[in-house]
Amino acid sequence: MDVMDDQRNLSEQLQLLHELQYSDLDMPYQGASTHSNRQSRRGDSNTNREVRLLDTIALALTTGNPGDVIAAAFDKREKLQLVLAKNGPPTPDDVAAANEFISLIGARAVSNAVDLFPFLIRRCGANIDKRIRNLHTSIRDEELRNDFALALEAYEPEADITAEFPGADWLFGKYGDATPPIATVWGDFVEQITDSTSQGLSAGDFSKSKYTQILILADALKRSRFLKTLIEDRNLLTKDRKWRAEKLKRRLDKVCQYVTGISYLIQKSKRYFPIPHHWVMDTFTGTGESVFNLCENAYDAVSRGLDRPLSPAIVDKLDKDFPSIRSNWERQQTMHTCIHAELRLILHLGPPSTIKSPIHPIGVSKRSCFCCTLWIESHNCIFGTRWMTSGSHGKPYANWALPGAACSYAIQADGRSSVDKAVLKPVSTRLTDALDWHFPGQSSDSEQEELHRQLMDLAADLADQLPW
């Protein structure tokens, strides 16, 4: 089986996982994705700083258009250089934007992110608009509003209401000397940001002042003591409320990231800019990058995943639980696979060193996908490298291409990459388990026998460890 055979099978499995709404976040698999590794980075200030800087650079260069993902890393082997990559070759506009941004960061006239407002709106306007609109969708969600109302009834605020919103004291000026209860203030802030974000970035009167108003309110809410209590709530009875609060917090963070991240970049590294930089322009061969069609019918893919023909009952359940699966499959049948930006950087920067590798952060304009996370972790395990991104959204993308022979030092005697193999098996396992969850008892006899064998082996291992 060559890399394209593997690629076709993989893309079909990933597309099916996507239709089943699979995410690897917090799943009970070894090495399952985590949305953010910020907590684990707190003990390493240098790595944490480098991840933040690189994430910000990548974010500032992405347009937000579909498929436009930017990755960034520092090449420290000789003279420090910034290396940039994207999902596919960079365009002349990408190159020009990187040159302009890097020049602006080093300019004397630029002291904070607000000074870059014209560049950000021009380059990143679509992404900023998407983030503002996503925040608006979350903040006006009726279930979340009910969560707020019920939680505020039992909430015990600080005696000084300004302590509830650290760093936002001046927002209370309109209340005069008689500051109202926390429920009133929270409700006022929520309504203000709901109104401010209702038109996104596309409104004709959008200005720096309006953007600043959104940022101020978003920062006040994301740092609020009340939201923190909802996120830190460990009561299993309110886990759905906790999930909605966490989602709101992520979207508040994303709206603020352009200003907080770029201000941090200017503060911590302005003296290094303009920094030498280049884009990954490599033409990789022997990879899974191609254009091809998936099988014609989604049900054929499900049948292969279950390793048996579909019964009428399964077809009925598919139609009921996933009414759009057939139309989605037909619409997305043609695959244009590409090696994702994070992996392009790793392939470009070459084989691992023979000495112990330091942590090597990669900044990305959006969280790494399910397969990128698997590939990077497998590469680290096999070759002793320590590549890392800031986290993953855990979602499967069918257009994810196997690096194949582009990672030449991973090629084994059978002509296939050891790192690619370490991705293919977990994807297949996830699909089998996902289908078994949706259609219990329908996996093939051979799969059931394999599961039984594994269970018996585990029981035998446990029996050997018992003291009697």
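Keep in mind the model is a prediction, meaning the values are calculated, not measured. Residues: numbered from 1 along the sequence shown.
The backbone N or O of D94 sits less than 3.5 Å from a side-chain atom of T91, completing a donor-acceptor pair. Side-chain N or O atoms of S327 include one that pairs as donor or acceptor with a backbone N or O of S324 at under 3.5 Å. Of the possible donor and acceptor atoms, one in the side chain of T373 sits under 3.5 Å from a partner among the backbone N and O of C369. Here the side chain of D115 pairs a donor or acceptor atom with the backbone of N112 at under 3.5 angstrom. A donor-acceptor distance shorter than 3.5 angstrom exists from the side chain of N380 to the backbone of W387, with no hydrogens or angles considered. With hydrogens and angles disregarded, a donor-acceptor distance shorter than 3.5 Å links the side chain of T260 to the backbone of C256. Of the possible polar contacts, none joining the E377 side chain to the M388 backbone as a donor-acceptor pair under 3.5 Å is found. Between the side chain of Q7 and the backbone N or O of L402, at least one donor-acceptor pair lies under 3.5 Å. No side-chain donor-acceptor contact under 3.5 Å links T184 to the backbone of P180. With hydrogens and angles disregarded, a donor-acceptor distance shorter than 3.5 Å links the side chain of S11 to the backbone of A398.
Side-chain contact between S196 and L217 is present, with heavy atoms from C-beta onward closer than 4.5 Å. Within the 4.5 Å cutoff, the side chain of W279 has no heavy atoms near those of the V83 side chain. Residues N134 and K254 are not in side-chain contact: their nearest non-hydrogen atoms beyond the backbone lie 4.5 Å or more apart. I193 has its side chain within reach of L135: a pair of non-hydrogen atoms, C-beta onward, lies under 4.5 Å apart. Looking only at side-chain heavy atoms (C-beta outward), V95 and P92 stay at 4.5 Å or farther from each other. Side-chain atoms of L84 and I57, non-hydrogen and from C-beta on, do get closer than 4.5 Å to each other. Looking only at side-chain heavy atoms (C-beta outward), N87 and D68 stay at 4.5 Å or farther from each other. Between Q15 and M335 the shortest side-chain heavy-atom distance falls below 4.5 Å.
Between Y155 and F226, the ring planes are perpendicular. Angles over 60° get that label, and only those under 30° would be called parallel. Between F148 and W186, the ring-plane angle classifies as perpendicular under the 30° and 60° cut-offs.
Checked against side-chain contact (heavy atoms from CB on, under 4.5 Å), T238 has the following partners two or more places apart in sequence or in another chain: D233, N235, R241. Residues passing the side-chain contact (heavy atoms from CB on, under 4.5 Å) test with K76 are E50, F74, L80, sequence neighbours excluded. For the side-chain contact (heavy atoms from CB on, under 4.5 Å) test, no residue two or more places apart in sequence or in another chain qualifies with E78.
With a 6.0 Å radius and a threshold of 12 heavy atoms from other residues, nucleotides or ligands, Y272 has its OH atom at or below the threshold. Crowding of K174 atom NZ: a count of heavy atoms from other residues, nucleotides or ligands under 6.0 Å exceeding 12. Counting non-hydrogen atoms of neighbouring residues, nucleotides and ligands closer than 6.0 angstrom, the NZ atom of K270 exceeds 12 such neighbours. Residue Q412 qualifies as enclosed at atom CD: its count of foreign heavy atoms under 6.0 Å is above 12.
Looking only at atom types and distance, the side chain of Q333 has no donor-acceptor partner in the side chain of E296 under 3.5 Å away. In the model, S368 has a side-chain atom that pairs as donor or acceptor with a side-chain atom of E342 under 3.5 Å. Inspection of the T63 and N65 side chains reveals an N or O donor paired with an N or O acceptor under 3.5 Å. A donor atom on one side chain and an acceptor atom on the other are not found under 3.5 Å apart for N127 and T62. The closest side-chain donor-acceptor pair between R367 and S392, if any, does not fall under 3.5 angstrom. Between the side chains of Q81 and H277, not a single donor N or O lies within less than 3.5 Å of an accepting N or O. Between the side chains of S45 and N48, no donor-acceptor pair is found at a separation under 3.5 Å.
Using a cutoff of 4.0 Å between basic side-chain nitrogens and carboxylate oxygens, R131 and D253 are not scored as salt-bridged. Between R8 and E12, none of the side-chain N atoms (NZ, or NE/NH1/NH2) sits under 4.0 Å from a carboxylate O, so this pair counts as no salt bridge. A salt bridge does not link E246 to K222: none of the charged side-chain nitrogens sits closer than 4.0 Å to a carboxylate oxygen. Ionic pairing of E100 and R122 is present here: one or more N-O contacts between side-chain nitrogen and carboxylate oxygen are shorter than 4.0 angstrom. At a threshold of 4.0 Å, the pair D141-R145 does not count as salt-bridged, since none of the basic side-chain nitrogens sits closer than that to a carboxylate oxygen. In summary, R133 and D129 engage in a salt bridge, as defined by a charged side-chain N under 4.0 Å from a carboxylate O. Under a 4.0 Å N-O distance rule, the pair D282/R344 does not qualify as a salt bridge.
Here the CD-OG1 distance, from Q213 to T197, works out to 10.0 Å after rounding to the nearest 0.5 Å.
In terms of heavy-atom proximity, I102 sits nearest to P274 at CG2-CA, 3.7 Å. In terms of heavy atoms, T287 sits closest to A406 at CG2-CB, 3.8 Å. For A405 against I411, the heavy-atom pair with the smallest separation is CA-CD1, 3.8 Å. A pairwise comparison of heavy atoms in L17 and A434 identifies CD2-CB, 4.1 Å as the closest pair. The heavy-atom pair separating S138 from R251 by the smallest distance is OG-NH1, 2.9 Å. Here the shortest heavy-atom pairing between G404 and D420 reads N-OD2, 2.8 Å.
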query = Does the pair W400 and I339 meet the rule for a side chain to side chain contact (heavy atoms under 4.5 Å, CB included), with working shown?
reply = CA-CA 6 Å; W400 187 89; I339 298 174; over 6 Å; no

task = Applying salt bridge (charged side-chain N to carboxylate O under 4.0 Å, His left out), run through K242 and D147 and close with a yes or a no.
result = CA-CA 9 Å; K242 173 184 170 72; D147 292 339; over 6 Å; no

Stepwise side chain to side chain donor-acceptor pair (under 3.5 Å) test for T385 and H379 = CA-CA 7 Å; T385 50; H379 186 281; 2.9 Å; yes

inquiry  = Working note: R244 + D240, criterion salt bridge (charged side-chain N to carboxylate O under 4.0 Å, His left out); need CA distance, chi angles, decisive distance, verdict.
reply    = CA-CA 6 Å; R244 286 188 288 269; D240 289 341; 5.1 Å; no

request  = Please report the C-alpha distance between L294 and E330 in whole Å, then the side-chain angles of each, then the deciding distance to 0.1 Å, and finally whether the side chain to side chain contact (heavy atoms under 4.5 Å, CB included) criterion is met.
outcome  = CA-CA 9 Å; L294 299 177; E330 291 173 3; over 6 Å; no

Chi angles and distances behind the side chain to side chain contact (heavy atoms under 4.5 Å, CB included) call for L431, S428 = CA-CA 5 Å; L431 178 58; S428 180; 5.8 Å; no

key: Worked check of side chain to side chain contact (heavy atoms under 4.5 Å, CB included) between L424 and R416   = CA-CA 11 Å; L424 295 171; R416 299 165 74 199; 3.6 Å; yes

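A side-chain contact (heavy atoms from CB on, under 4.5 Å) with N399 holds for exactly one of E289, H340, Q332; it is H340.
For the pair R52 and Y264, the cation-pi test (distance below 6.0 Å, angle within 45°) is passed.
Y397 and H393 have their aromatic ring centers within a separation under 6.0 angstrom.
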